[in-house]
Amino acid sequence: MKVIGYSDKLSAAPGETVRFMVHCQLPTYRVDIVRVICGDTNPQGPGVKEQVVKTPVNKTYRGRRQTIETGSYVTIPHCPLLETLNSFSFQAMIWPTTPGRGRQVIMSKWHDRDKSGMMVVIAPDGSLALVLGDGRGREEMLSTAHPLLAREWYFVAVSYDARTRAVSLYQEPLVKYPLTADAAEVHTTAQTEGIGKNRAPLMFAAFRSGRGRTVLDGKYDGKIDSPRLANRALQRLEMEMLKNGPLPSHLGNAVLGAWDFSRDISSTRVSDLSPHALHGETVNMPARGMKGYNWTGEVMNWQEAPEQYGAIHFHEDDLYDAGWEVDFTFTIPATLPSGLYAARLRAGEEEDYIPFVVKPAPGQEKRIALLLPTASYMAYANEHLATNTALVELLAGRLVPLDKYSLFLQEHREYGLSCYDTHADGSGVCYSSRLRPILNMRPKHISALGGVGSSLWQFNADTHITDWLEAMGYEFDVITDEDLHARGVELLKPYRVVLTGTHPEYHSKQMWDAMSAYLNQGGRLMYMGANGWYWKIAYHPTLPGVIEVRRSEGGIRTWAAEPGEYYHSFTGEYGGLWRRQGRPPQMLVGIGFTAQGFDISAPYYRLPDSFSPRAQFIFAGIGEDEVIGDFGLIGGGAAGLELDRADRQLGTPPHALVLATSRGRHTDIYLVVCEELLATYPGLGGTENELVRADMVFFETPNGGAVWSAGSIAWAGSLSHNKYNNNVSRITHNVLRRFLDPTPFA
Amino acid sequence: MLTVYRVGAHDSQVVDEFLRKPIGHHSPALQRVLNVFRGEPTAGKYVLVCTQPHKEWVLGQLSGERGKPVKLLKGQVFRSLEEAERAVFRRRWKKYTGNDLG
């Protein structure tokens, strides 16, 4: 891919401006703003549909390269105090995750061009080392030569006396194993006579090898806790006194910095407890709220014992903001109707889309809103499941298809990870940002998880809904999760009906509460998919465009949060499944996640409840024995991929009607979700287990509102069959038409 | 490898079933073989690279390493997914049993 971009926001109202950042390896590229109607390239379906919108930004632009630098670190600005540094000591508690993966910096005060300053590193052989630079192009490394073990806590310390050139290195494991030589104490003499001065920042977890943004080196994987810097060579006993607690007064003049990462965990700030106030900040969002070397196992919440959460986990592949320069800006015209749009970029044969939502102007809302699940898009942003893991071919029951976006992401790891990925060091990715190109949030994208047929997932699957709304002649607004989080129920109030996307999986507390309030106030919700309201997330309280997920306890997970790390660092809220917090999705929408499989889909069959007079409007025009949705672009049926079921015990309202089900019709690729399994047992597949099913549900809510829930991610893939004239389309249409009618339910 | 089951000549009764219907409902005996085949580790795992969406695929193999490209296999171009499934099944059958399916 030679042309790629992103925008600074996912949604904007008329009058607001969206900034677009573009990387282009060709001399020029063409931009057109398009309304996205359908992004499905499957020739069996309605085809790709987009309409060019005439705007002043539709023109040709000069291409330029923009790069991304991953890797998180702490940076502390240079100050005159640090310039006086000559003799010194440095110490920290560390938990390295990839010792042996090249030279990795614990702390640096280093200028690479003239090799001035010093660095405390893990040497390429995995041992603790001190690097000294004389400022005249000569550097010297002194190591313990004993490799550290991965995922073990160590006290590491170094000291250097510029006058005597005496160097000491201490590498002390907190847990000692017999027959394991990972402890070391080295006293030696350096050749370097005084370290070269520089004006580089003091950094933890990396050093800067030149000017500009993209020149990080020595990126570290692992945790650092309680780093301390002193202006002379301390004795080992003095180092011991600095490990924790208040700074001893007799060392007051020696200590230049004593950083406490347990302060301001929700922020990017890093606090120095010494009188010198050498505060810094984190870059690229390393993981915080991480348990430290002194975690006892008796406290699970970082807010209750922050002193046990003084670690930051740095990763060489962390990324928050790609930080590209702006290439063009688009101010939403007052006349542009709300909807799903994209900046279409074309350069030669190359093409990319940067999708964005145009919200309605306040007071100009239509009666229908499509709530685009942008939090879920962010959780899945640039996921590498098909190339990082061996599981997808098993889950999909077929060979994994890879399109240009997946191939590009396999090669270009600098575009960052999703909350489905693990970091290169094996730890889970708990943050995901949209301030970078999200290449699986694109029209025309094919996903390995999307079922046989069109193979769509998340964003592009949701264009089956926009396509159907357009084809049926409905006028609708598009709004996003991020808007819902920010504005709460006020965002939803103007609408008679809110439709979800196919897979609205991730919700903050604010989003959950807003939807609940909307339904209690007479709102009508059409839940057009499955696996909704599953994970709890947090948006960062001040930083734009980033979410947090802690994969605690249970649920379908591609990684598991470490014990003691279940609380969001952004908000202090307990993370994990909403179900584990007393809010199963059944409480809100009548159904909740029950099974998944990604090969072929199944149809629904009517249940006795569908003949209730209360459900008559839903099945108008549908035969008594009619099989529903035995066709479709996603797996060939309306019930497929991820499935939800009704369950009174999990909160399905007692008066809910269970209208139809796909029970007994799925392949054995479909399996019961793991949170249902208190014990393992044979017969968990779709041909045997009664929990493997999609249930379609309807119920009335207080004050005249109602909920209709499809129960399957594949539902929307059946809407366009036979030119939109089919029973899936009819049921959806029947529900939407009645939901638009203000006559109260119940 | 995710399974310990050893595919052998004794599994040959599932071959016709697979060739008839590579994707969809399968007998337990065929599924057990597919769990071995489709559960192969990422290094060298077969994938289908979409060269023309929904029209043409080229057989590829994952590198198993982050950042390292997918290897495209020369001449292995398919116009249907089922045709590709059968071709990969034949390759894997040969690998695990030593026998050609013909």
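Heavy-atom basis, side chains included; hydrogens, waters and symmetry copies ignored. Just so it is clear: chains get the letters A, B, ... in the order the sequence lines come, proteins before strands, and each one is counted from 1.
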Fill in: Residue selection (most heavy-atom pairs with chain B, distance under 4.5 Å) from Ile600(A), Asp599(A), Ile446(A), Asn42(A)
Asn42(A)
Worksheet entry | Gln410(A) CD to Leu62(B) CG distance, which is reported to the nearest 0.5 Å | 7.0 Å
Practice prompt. Using a cut-off of under 4.5 Å on heavy-atom pairs, state which of His25(B), Lys68(B), His54(B) scores highest against chain A.
Written response: His54(B)
Worksheet item: When rounded to the nearest 0.5 angstrom, what is the spacing between CG in Asn35(B) and CG in Asp668(A)?
Response: 10.0 Å
Item to complete: Give a yes or no on whether the backbone of Val70(B) and the side-chain of Glu411(A) come within a donor-acceptor separation of less than 3.5 Å.
Response: no
Worksheet item: Just wondering, are more than 12 heavy atoms of other shown residues or ligands nearer than 6.0 Å to CZ in Arg6(B)?
Response: no
Worksheet item: Between Ser63(B) and chain A, which part of the residue has a heavy atom less than 4.5 Å away: side chain, backbone, both or neither?
Response: side chain
Item to complete: Heavy-atom distances under 4.5 Å only: say whether Thr687(A) touches chain B with side chain, backbone, both or neither.
Response: side chain
Worksheet item: Can you tell me how far CG of Leu48(B) sits from OG of Ser455(A), rounded to the nearest 0.5 angstrom?
Response: 10.5 Å
Discussion item. With a 4.5 Å cut-off on side-chain heavy atoms, are Ile669(A) and His26(B) touching?
Written reply: no
Discussion item. Would the distance check show the side chain of Arg38(B) and the main-chain N or O of Gly397(A) forming a donor-acceptor pair, the cut-off being under 3.5 Å?
Written reply: yes
Worksheet item: Which atom pair, heavy atoms only, marks the closest approach of Gly39(B) to Ala390(A)?
Response: O-CB, 4.3 Å
Worksheet item: Is Lys2(A) atom NZ crowded by more than 12 heavy atoms from other residues, nucleotides or ligands, each under 6.0 Å away?
Response: no
Item to complete: Go through the steps for Thr41(A) and Lys55(B) under the test side-chain contact (heavy atoms from CB on, under 4.5 Å), then give the verdict.
Response: CA-CA 10 Å; Thr41(A) 54; Lys55(B) 285 188 190 140; over 6 Å; no
Practice prompt. For residues Lys45(B) and Val400(A), determine if any side-chain heavy atom of one lies less than 4.5 Å from a side-chain heavy atom of the other.
Written response: no
Worksheet item: In terms of heavy-atom proximity below 4.5 Å to chain B, should Asp421(A) be classed as side chain, backbone, both, or neither?
Response: neither
Fill in: For chain B, the option from Val452(A), Leu407(A), Thr422(A) that forms the most heavy-atom pairs under 4.5 Å
Thr422(A)
Worksheet entry | Heavy-atom neighbours of Gln13(B) CD exceed 12 at 6.0 Å | yes
Worksheet item: So what's closer than 4.5 Å to chain A heavy atoms on Gln31(B): side chain, backbone, both or neither?
Response: side chain
Item to complete: Would you mind reporting whether Arg66(B) and Asn388(A) have side-chain heavy atoms less than 4.5 Å apart?
Response: yes
Worksheet, complete the sentence: The interface call for Val88(B) against chain A, heavy-atom contacts under 4.5 Å, is side chain
Item to complete: Against chain B, label Arg398(A) side chain, backbone, both or neither, depending on which of its atoms sit under 4.5 Å from a heavy atom there.
Response: both
Worksheet item: Hey, what do you get for CD (Glu82(B)) to CG (Leu399(A)), rounding to the nearest 0.5 Å?
Response: 11.5 Å
Response to the item:
OG1 (Thr42(B)) and NE2 (His384(A)) are apart, to the nearest 0.5 Å, by 13.5 Å
Practice prompt. Check whether any side-chain heavy atom of Val47(B) sits under 4.5 Å from a side-chain heavy atom of Glu393(A), and report yes or no.
Written response: no
Item to complete: Below 4.5 Å from any heavy atom of chain B, which atoms of Ala448(A) appear? Answer side chain, backbone, both or neither.
Response: neither
